[in-house]
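Worth knowing before you read on, the calculation uses all heavy atoms, side chains too, and leaves out hydrogens, waters and symmetry mates.
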Amino acid sequence: ASVLFLRTCLVLLAMPIYLLSFLGIWQPFCKKVFFPFFLEKLFTIHERKAKKHKQELFHNLPDFKSPSGELKLLEIGTGCGVNFQFYPPGCKVTCTDINPNFQQALSRSIKKNQHIHYERFLVAAGEDLHQVPSGSVDAVVCTLVLCSAHNVNGILKEALRVLRPGGAFYFLEHVAADHSSWKYFWQQVCYPTWKLVFDGCCLTRELWKNLERAGFSELRLQHVSIALPWTPIRPHIMGYAVK
């Protein structure tokens with residue numbers, strides 16, 4: 001009852017956005033203007049909080065170079081390109097995102113990270129990477145993407161397909177808090193409005209279960225806490241899975 005009451009209060013506060021959504025105005029505006037702008041600002045804060053975790057996460061990327069010595073990396077949902085700084089020098093990066101409106105911010109990130117070799121940008125959903133040949137990349141990276149994916153299992157299936165045997169899928173995602181915690185209570189309260197405002201972002205997904213069932217031969221996963229003030233997305237999972 002408390003959750004429903006507080007959800008209703010939040011809906012009333014966000015009523016103008018719900019009205020714009022009903023009129024079909026909010027979604028196009030969100031995808032083209034609001035979400036790219038907001039995400040770039042949020043990632044600036046998130047990067048400060050998550051930097052040590054990402055340094056730990058990506059430190060062994062060079063271990064997955066191909067026998068030729070190259071490291072071909074595909075990033076799903078590249079967004080603003082905030083992960084580039086953590087990639088090893090000479091890494092060949094293919095970027096994908098379903099939203100083409102990130103490309104301006106992405107260009108700025110490419111200029112700041114000359115140590116990587118940027119190959120191309122594909123406008124594609126993570127569930128359909130048909131433009132990428134099977135077994136053609138050494139690593140796939142997916143950070144803060146699965147929360148808003150229409151088909152999480154479809155993305156993991158595509159990641160397995162495009163990876164060469166022995167390649168790795170790297171992830172860092174916010175997830176549902178423990179069900180007995182106040183964090184989960186507030187995630188439940190914020191869920192409908194948060195999902196509308198932030199382009200489909202779901203607060204209560206238990207993504208570690210999808211990864212456990214995905215069919216990787218090895219899974220290294222840990223639960224971590226990344227504090228973002230005044231947001232319900234503190235609980236995260238991070239790690240990598242080997243094909």
Side-chain angles (χ1 to χ4, degrees), residues 21 24 26-28 30-32 34-36 38-39 42-43 57 73-80 82-83 94-103 106 120-137 139-165 167-177 184 187-188 190-221 223 232-233 235-243:
S21 177
W26 175 252
Q27 278 76 13
C30 180
K31 288 182 181 296
K32 189 171 183 178
F34 174 76
F35 196 56
F38 173 82
L39 209 59
L42 176 65
F43 276 163
L57 174 64
L73 185 150
L74 172 76
E75 183 164 356
I76 298 173
T78 306
C80 307
V82 294
N83 291 325
T94 296
C95 302
T96 74
D97 205 292
I98 195 171
N99 189 344
N101 298 297
F102 284 113
Q103 290 190 65
L106 182 62
R120 57 177 175 159
F121 178 88
L122 302 175
V123 179
E127 299 92 335
D128 182 12
L129 300 172
H130 67 271
Q131 300 170 76
V132 183
S134 300
S136 63
V137 299
V140 173
V141 172
C142 187
T143 62
L144 300 182
V145 171
L146 298 179
C147 60
S148 57
H150 294 298
N151 184 349
V152 173
N153 293 330
I155 289 180
L156 298 178
K157 184 178 179 180
E158 278 290 82
L160 273 167
R161 181 185 66 79
V162 302
L163 279 170
R164 64 167 177 80
F169 173 76
Y170 284 79
F171 57 89
L172 188 152
E173 300 285 344
H174 70 82
V175 294
Y184 186 71
Q187 285 180 335
Q188 291 280 72
C190 296
Y191 181 90
T193 300
W194 184 276
K195 185 176 181 180
L196 172 67
V197 174
F198 299 113
D199 200 26
C201 177
C202 297
L203 293 170
T204 56
R205 287 185 173 173
E206 299 176 335
L207 295 170
W208 61 90
K209 295 181 180 179
N210 299 87
L211 286 157
E212 288 167 355
R213 297 191 297 260
F216 290 98
S217 61
E218 178 185 352
L219 176 62
R220 301 285 183 92
L221 181 151
H223 291 257
I233 57 173
H236 287 64
I237 56 170
M238 66 177 237
Y240 64 93
V242 180
K243 178 176 177 178

Under the criterion side chain to side chain contact (heavy atoms under 4.5 Å, CB included), I'd like the reasoning laid out for L73 against V137: C-alpha separation, chi angles, the key distance, then a yes or no. CA-CA 6 Å; L73 185 150; V137 299; over 6 Å; no
So, do [X] and [Y] sit near enough that their side-chain heavy atoms are less than 4.5 Å apart?
X	Y	answer
L106	T78	yes
R205	V175	no
V123	I98	no
Y170	M238	no
Y191	Q187	no
Q27	S21	yes

Pairwise distance [atom1]([X]) to [atom2]([Y]) - rounded to 0.5 angstrom:
X	Y	atom1	atom2	value
W194	C147	CH2	SG	9.5 Å
E127	I155	CD	CD1	4.0 Å
L207	L172	CG	CG	11.0 Å
W208	I237	CH2	CD1	7.5 Å
C201	L196	SG	CG	12.0 Å
L156	R161	CG	CZ	13.5 Å

So which atom in [X] and which in [Y] form the shortest heavy-atom distance, rounded to 0.1 Å?
X	Y	value
R164	G135	CB-O, 3.7 Å
F171	R220	CZ-O, 3.9 Å
T96	I76	OG1-CA, 3.3 Å
G79	D97	N-OD2, 2.9 Å
E158	H130	OE2-N, 3.9 Å
K195	C202	CE-SG, 3.9 Å

Would L144 and H174 count as a side chain to side chain contact (heavy atoms under 4.5 Å, CB included) if you check the C-alpha gap in whole Å, the side-chain angles of each, and the deciding distance to 0.1 Å? CA-CA 7 Å; L144 300 182; H174 70 82; 4.1 Å; yes
Residues L163, F169; criterion side chain to side chain contact (heavy atoms under 4.5 Å, CB included); working and verdict: CA-CA 8 Å; L163 279 170; F169 173 76; 4.2 Å; yes
Side chains of E173 and T143, donor plus acceptor under 3.5 Å: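 Distance-only check fails for E173 and T143.
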Regarding S148 and D199, do their side chains bring together a donor and an acceptor under 3.5 Å, going by distance alone?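 Not at all, the side chains of S148 and D199 share no donor-acceptor pair under 3.5 Å.
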Any donor-acceptor N/O pair, T193 side chain to C190 backbone, under 3.5 Å: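 No.
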Please report the C-alpha distance between V242 and F216 in whole Å, then the side-chain angles of each, then the deciding distance to 0.1 Å, and finally whether the side chain to side chain contact (heavy atoms under 4.5 Å, CB included) criterion is met. CA-CA 6 Å; V242 180; F216 290 98; 5.9 Å; no
Lys/Arg N to Asp/Glu carboxylate O, E212 vs K209, below 4.0 Å: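 Salt bridge absent between E212 and K209.
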Taking atom NE2 as the centre, does H150 end up with more than 12 heavy-atom neighbours from other residues, nucleotides or ligands that are less than 6.0 angstrom away?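 No - once you tally the heavy atoms of other residues, nucleotides and ligands closer than 6.0 Å, there are 12 at most.
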